[in-house]
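What follows is a set of notes on a single structure, which appears directly below.
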Amino acid sequence: MLDRARRFSIKQIAAQAGVSKATVDRVLHERGCVHYQTNRRIQQALEELEAQEKTGPAVGRTFHIDIILHTPKRFSDAVQEAILGQLGNLAPFRIFPRFHLYQEIDTQEMHDLILRCVGKGSQGLILKAADEPQINEAVNQVTAAGIPVVTLVSDLPQSERIGYIGMDNRTAGQTAAYLMASWLDKATQDVAVVISSELFRGEEEREMGFRTWLRSRAPHLRVVDITGGLGVYQPTLERVTEALKANPSIKAIYSVGGGNRAIVDAFAALDRTLAVFIGHDLDQENRQLLAEEKIAAIIDHNLLVDARHAFLHILQFHRLWKVDPIPASPVQIVTPFNLAH
């Protein structure tokens with residue numbers, strides 16, 4: 001690790017990791033006992049600094065932005081790629097993102113993680129988290145300390161966050177309902193909505209938009225909820241399998257969260273037809289499913305644009321960027337036949 005660190009100053013590494021210079025020195029020179037998580041955070045800081053180097057030389061005022069995401073890895077990878085892809089486009093500012101990525105994290109841990117940003121020199125926070133009172137409370141405390149919080153993909157509207165970045169999730173759900181009603185026959189039947197967790201506001205709004213549109217425009221399609229898979233393969237596989245066994249008529253799925261490979265596999269294992277499958281986000285898993293024509297459509301939004309908009313919100317807060325309205329991300333429909341490789 002010491003050889004990798006020679007390209008950066010102790011001060012740079014400490015700021016990126018959110019720890020003291022003395023702690024960095026102890027870790028690099030293997031002096032004394034340092035907690036495993038602190039050691040890992042410094043290793044991650046080096047990885048982040050190396051990734052940022054590839055975006056080109058940075059000049060101007062420095063901002064350390066914390067990105068905290070509670071989401072499956074395939075989506076956090078896509079967000080991380082988009083954020084790194086925007087770093088060179090915000091001159092004259094030097095943006096140093098610090099990533100905190102969790103597939104699973106409980107409410108208290110998330111609350112504490114958000115609050116730790118206050119003492120670590122953060123100039124802004126980009127957050128995807130469950131809409132729970134403790135999380136809203138933490139966001140309010142961070143904002144009161146002068147650190148702007150922008151929510152990404154899933155909003156926390158009861159908090160003091162300065163803005164939401166992402167698509168209009170109700171509109172996305174209505175779009176999915178319109179497509180599904182157009183592609184299915186007119187027979188009365190059940191369709192399933194797969195929700196990774198009911199605690200995420202974005203997923204709840206997609207489901208509500210989907211259900212409301214069908215109720216008014218296609219009442220022959222009845223909605224069955226499948227929840228709790230967390231967008232992760234095994235729990236999603238188990239819950240979808242249980243639902244298919246309990247309801248032999250389901251042949252169409254709207255997946256508002258993730259775990260889409262598990263959904264395809266559950267239908268295949270039971271030798272069931274999946275006539276219409278609509279999902280969200282053009283991550284690597286969904287790209288592969290589209291290429292295999294296992295999924296009919298992905299409702300997507302441009303994460304590169306989202307990353308830029310999130311940074312602009314933070315710069316506007318610090319009065320370093322012209323204050324203009326930042327629009328919602330436009331909904332894009334990707335099928336196997338317009339998939340760009």
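- A pairwise comparison of heavy atoms in Leu184 and Ala252 identifies CD1-CB, 3.8 Å as the closest pair.
- Using a cutoff of 4.0 Å between basic side-chain nitrogens and carboxylate oxygens, Glu207 and Arg170 are not scored as salt-bridged.
- Contact record, Leu125 with Cys117: CD1-SG, 3.8 Å, taken as the closest heavy-atom pair.
- Legend: ring pair (Phe, Tyr, Trp, His ring centres under 6.0 Å) pairs involving residues 67-89, not counting sequence neighbours, sorted by first then second residue: His70-Phe200.
- When side chains are defined from C-beta on, Val149 does not count as touching Ser159, because their heavy atoms never get closer than 4.5 Å.
- Between Gln43 and Asn39, the side chains place a donor N or O and an acceptor N or O closer than 3.5 Å (distance only, hydrogens not considered).
- Annotation: Lys120, atom NZ; neighbour count of heavy atoms from other residues, nucleotides and ligands within 6.0 Å is above 12.
- Heavy-atom neighbours of Gln234 CD from other residues, nucleotides or ligands within 6.0 Å: above the threshold of 12.
- From Phe63, atom CZ reaches atom CZ of Arg94 across 11.0 Å, with rounding to the nearest 0.5 Å.
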For side-chain contact (heavy atoms from CB on, under 4.5 Å), just list the numbers for Tyr254 and Val191, CA-CA rounded to whole Å, side-chain angles, deciding distance to a tenth of an Å, and then say yes or no. CA-CA 8 Å; Tyr254 171 41; Val191 298; over 6 Å; no

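- In the model, Thr212 has no side-chain atom that pairs as donor or acceptor with a side-chain atom of Gln174 under 3.5 Å.
- A donor-acceptor contact closer than 3.5 angstrom is absent between the side chains of Asn260 and Tyr233.
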Walk me through whether Asp155 and Arg201 qualify under salt bridge (charged side-chain N to carboxylate O under 4.0 Å, His left out). CA-CA 6 Å; Asp155 198 10; Arg201 173 70 66 133; over 6 Å; no

His111/Gln141 under side-chain contact (heavy atoms from CB on, under 4.5 Å): CA gap, chis, key distance, verdict: CA-CA 10 Å; His111 170 275; Gln141 289 185 51; 4.2 Å; yes

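- Between Asp281 and Asn286, the side chains place no donor N or O within less than 3.5 Å of an acceptor N or O (distance only, hydrogens not considered).
- The shortest non-hydrogen separation linking Ile147 to Ser122 is CG1-O, 3.6 Å.
- A 4.5 Å side-chain heavy-atom check between Lys128 and Val79 finds every atom pair outside the cut-off.
- Side chain to side chain, Asn338 and Thr335 meet the donor-acceptor criterion of an N or O pair below 3.5 Å.
- A donor and an acceptor atom, one from each side chain of Gln134 and Thr107, are nowhere located under 3.5 Å apart.
- Between Asp185 and Lys251 there is a salt bridge, since at least one side-chain N of the basic residue sits less than 4.0 Å from a carboxylate O of the acidic one.
- Note: Trp213 and Tyr178 have perpendicular aromatic rings, judged against thresholds of 30 and 60 degrees for the angle between ring planes.
- Within 6.0 Å of the CD atom in Gln284, the count of heavy atoms belonging to other residues, nucleotides or ligands does not exceed 12.
- Connection of Leu152 to Ile68 is not established within any shared hydrophobic cluster, with ILVMFWY side chains joined at heavy-atom distances below 4.5 Å, either directly or through further cluster members.
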Step-by-step side-chain contact (heavy atoms from CB on, under 4.5 Å) determination, Arg206 to Thr171: CA-CA 7 Å; Arg206 291 172 187 176; Thr171 298; over 6 Å; no

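- Trp321 and Ile83 fall within a single hydrophobic cluster, where Ile, Leu, Val, Met, Phe, Trp and Tyr side chains are chained together by heavy-atom contacts under 4.5 Å.
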Take Asp168 and Glu205, measure what side-chain contact (heavy atoms from CB on, under 4.5 Å) needs, and give me the verdict at the end. CA-CA 9 Å; Asp168 181 322; Glu205 290 179 344; 6.0 Å; no

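- Using a 4.5 Å heavy-atom threshold, the side chains of Gln44 and Phe99 count as touching.
- Minimum heavy-atom separation, Gly202 to Ser154: N-OG, 2.8 Å.
- Cluster membership check: Met110 does not share its hydrophobic cluster with Ile67, using side-chain heavy-atom separations under 4.5 Å among Ile, Leu, Val, Met, Phe, Trp and Tyr.
- Using a 3.5 Å distance cut-off with no hydrogens or angles, the side chains of Gln86 and Asn89 do pair a donor with an acceptor.
- A ring-centre distance under 6.0 Å is not found for Phe93 and His318.
- You'll find the side chain of Asp283 stays beyond 4.5 Å of the side chain of Asp77, heavy atoms only.
- The pair Arg261-Glu292 counts as a salt bridge, with a side-chain nitrogen and a carboxylate oxygen less than 4.0 angstrom apart.
- A distance of 8.0 Å separates CG of Asn247 from CZ of Arg222, quoted to the nearest 0.5 Å.
- Under the side chain to side chain donor-acceptor pair (under 3.5 Å) criterion, His100 pairs with Asp66, sequence neighbours left out.
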After noting the C-alpha distance and the side-chain angles of Arg41 and Glu48, does the key distance pass the salt bridge (charged side-chain N to carboxylate O under 4.0 Å, His left out) rule? CA-CA 10 Å; Arg41 179 58 201 148; Glu48 291 168 356; 3.3 Å; yes

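- The distance from atom CD1 of Ile114 to atom CG of Leu127, rounded to the nearest 0.5 Å, is 4.5 Å.
- In this structure, Arg217 places its CZ atom where only 12 or fewer heavy-atom neighbours from other residues, nucleotides or ligands lie under 6.0 Å away.
- For Thr227 and Asp225, the side-chain atoms include no donor-acceptor pair closer than 3.5 Å.
- Listed here is the closest heavy atom pair of Arg287 and Ala340: NH1-O, 2.6 Å.
- Under a hydrophobic-cluster definition in which Ile, Leu, Val, Met, Phe, Trp and Tyr are linked whenever side-chain heavy atoms come within less than 4.5 Å, directly or via other members, Ile165 and Leu87 are assigned to the same cluster.
- Proximity of Arg161 to Thr143: side-chain heavy atoms (C-beta onward) are nowhere separated by under 4.5 Å.
- In this structure, OG1 in Thr273 is found 11.5 Å from CG in Leu270, a value given to the nearest 0.5 Å.
- The closest side-chain heavy-atom distance from Ile298 to Leu339 is not below 4.5 Å.
- Rounding to the nearest 0.5 Å places CD1 of Ile226 at 9.5 Å from OG of Ser255.
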Would you check, one step at a time, whether the test side chain to side chain donor-acceptor pair (under 3.5 Å) holds for Thr71 with Gln103? CA-CA 5 Å; Thr71 186; Gln103 289 203 110; over 6 Å; no

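- Considering only heavy atoms from C-beta on, Leu69 stays 4.5 Å or farther from Tyr102 through its side chain.
- Within 6.0 Å of CD in Glu198 there are 12 or fewer heavy atoms belonging to other residues, nucleotides or ligands.
- Here the closest heavy-atom approach between residue Ala82 and residue Leu304 is recorded as O-CD2, 3.5 Å.
- Under the 4.5 Å side-chain contact rule for hydrophobic residues, Phe96 and Val19 share a cluster.
- Once rounded to the nearest 0.5 Å, the distance linking CZ of Arg272 with CG of Leu244 reads 4.5 Å.
- Other residues, nucleotides and ligands contribute more than 12 heavy atoms inside 6.0 Å of the CD atom of Gln108.
- In this structure, the side chains of Val193 and Phe210 come closer than 4.5 Å at one or more pairs of heavy atoms.
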